[in-house]
Amino acid sequence: NKANISSTSTVGGIVGINRGEILRTYNTATISATNTVGGIAGDNMGVIAYSYNMGYIKASSDISGGIAGLQTENTAQIYASYNTGNVLANVSLVGGIIGKIDAGEIFDIYAVGQITSKSNIGMIAGQLMGGNIYNAYYDITALEFFKPTSLSKATKAIGDLEKLDTDTVRGLLHGQMIGINSIGQT
């Protein structure tokens, strides 16, 4: 998608609600809504894979993610995807990959964009209520150089958890994320 999209709720660069399989797609446009907005899908109930977002994703209220705003089904998955776009939620629940995950899996992903809100701000997910996230990385170098002027920025992978990043959900230096010596290369 290369066209800007604006709506009131549950909107994505490709689809508002994904109940199927979205493969090998991308968004480079601005996607905005009051709540539940994502670069690929507003609400992911299916599978999103081999996809990326480079566009600006904005919720004027809450639940905003670089790939999906929300994920609610046990069988839902986001994998082999990435976000380099900026993601904002004016109130809460914003993540570089997903705003809020209630169920399903997210794995083999990375995020680089500037992620901002007032609360529940994560470089990977704004809030983890259920489901699993693993092999998820964000660019520490880009994060450290970002200085927001009004809202707060993400400081860790999962916005609502008190614990620190783990071995498989964490920040990496930019050099660890690119080239033949990147993490995960064999």
Which residue, Ile17, Thr34, Leu70, forms the side chain to side chain contact (heavy atoms under 4.5 Å, CB included) with Thr10?
-> Ile17
Can you see which heavy atom on Thr72 is nearest to which on Ala103, and at what distance?
-> O-CB, 3.6 Å
Between atom CG of Asn86 and atom NZ of Lys58, what is the distance when rounded to the nearest 0.5 Å?
-> 12.5 Å
Check the pair Arg170 / Thr168 against side-chain contact (heavy atoms from CB on, under 4.5 Å), numbers first and verdict last.
-> CA-CA 6 Å; Arg170 65 186 175 114; Thr168 65; over 6 Å; no
How would you list, by chain and number, every residue that makes a side-chain hydrogen bond (donor to acceptor under 3.5 Å, both in side chains) with Ser7, sequence neighbours excluded?
-> none
CG-CG distance between Leu143 and Leu173, expressed to the nearest 0.5 angstrom | 11.5 Å
Heavy-atom donor-acceptor pair, Asp165 side chain to Ala157 backbone, under 3.5 Å = yes
Determine, step by step, whether Asn44 and Gln71 satisfy the side chain to side chain donor-acceptor pair (under 3.5 Å) criterion, reporting the C-alpha distance in whole Å, the side-chain angles of both residues, the deciding distance to 0.1 Å, and the verdict.
-> CA-CA 5 Å; Asn44 181 42; Gln71 183 165 292; 2.8 Å; yes
Should Ile22 and Val11 be counted in the same cluster of Ile, Leu, Val, Met, Phe, Trp and Tyr side chains packed under 4.5 Å apart?
-> yes
Residues that Thr28 engages under side-chain hydrogen bond (donor to acceptor under 3.5 Å, both in side chains), provided they are two or more places apart | none
Shortest non-hydrogen contact from Ser64 to Ala89?
-> CB-CB, 4.1 Å
How many angstroms lie between CG in Leu128 and CD1 in Ile101, if you round to the nearest 0.5 Å?
-> 6.0 Å
For the atom pair CG (Leu151) and CD1 (Ile121), what is the distance rounded to the nearest 0.5 Å?
-> 7.5 Å
Does the Ser51 side chain pair with the main chain of Ala49, one donor and one acceptor, at a distance under 3.5 Å?
-> yes
Where Lys153 and Thr116 come nearest, the two heavy atoms and their spacing | CA-CG2, 4.4 Å
Which heavy-atom pair separates Asn4 from Thr30 by the least distance, and what is that distance?
-> OD1-N, 2.9 Å
Asn35 and side chain to side chain donor-acceptor pair (under 3.5 Å): which partner among Ser9, Ser61, Ser60?
-> Ser9
Non-hydrogen atoms of Tyr26 and Ile14 that approach each other most closely | O-CD1, 3.5 Å
Would you check if there is a donor-acceptor pair between the side chains of Asp160 and Asn120 at a distance under 3.5 Å?
-> no
Can you list the steps and then say if Leu172 with Ile140 is a side-chain contact (heavy atoms from CB on, under 4.5 Å)?
-> CA-CA 5 Å; Leu172 299 174; Ile140 292 175; 5.7 Å; no
Is there side-chain contact between Ile106 and Asn132, with at least one heavy-atom pair below 4.5 Å?
-> no
When the ring planes of Tyr50 and Tyr79 are compared, do they come out parallel, tilted or perpendicular, using 30° and 60° as the limits?
-> perpendicular
Looking only at side chains, do Tyr52 and Asn27 share a donor and an acceptor under 3.5 Å apart?
-> no
Output, in order, the C-alpha distance, side-chain angles, deciding distance and verdict of side-chain contact (heavy atoms from CB on, under 4.5 Å) for Ile124 and Ile98.
-> CA-CA 6 Å; Ile124 302 299; Ile98 193 157; 5.7 Å; no
Kindly compute the distance separating OG (Ser117) from CG (Asp62), expressed to the nearest 0.5 Å.
-> 8.0 Å
Rounded to the nearest 0.5 Å, how far does CD1 of Ile109 lie from CG of Asn83?
-> 9.5 Å
Check whether the ring centres of Phe107 and Tyr134 lie less than 6.0 Å apart, and answer yes or no.
-> yes
Over all atoms of both residues, closest heavy-atom pair of Ile78 and Ala68 = CD1-CB, 4.0 Å
May I have the step-by-step check of side-chain contact (heavy atoms from CB on, under 4.5 Å) for Leu88 and Tyr56, ending in yes or no?
-> CA-CA 8 Å; Leu88 175 140; Tyr56 177 48; 3.9 Å; yes
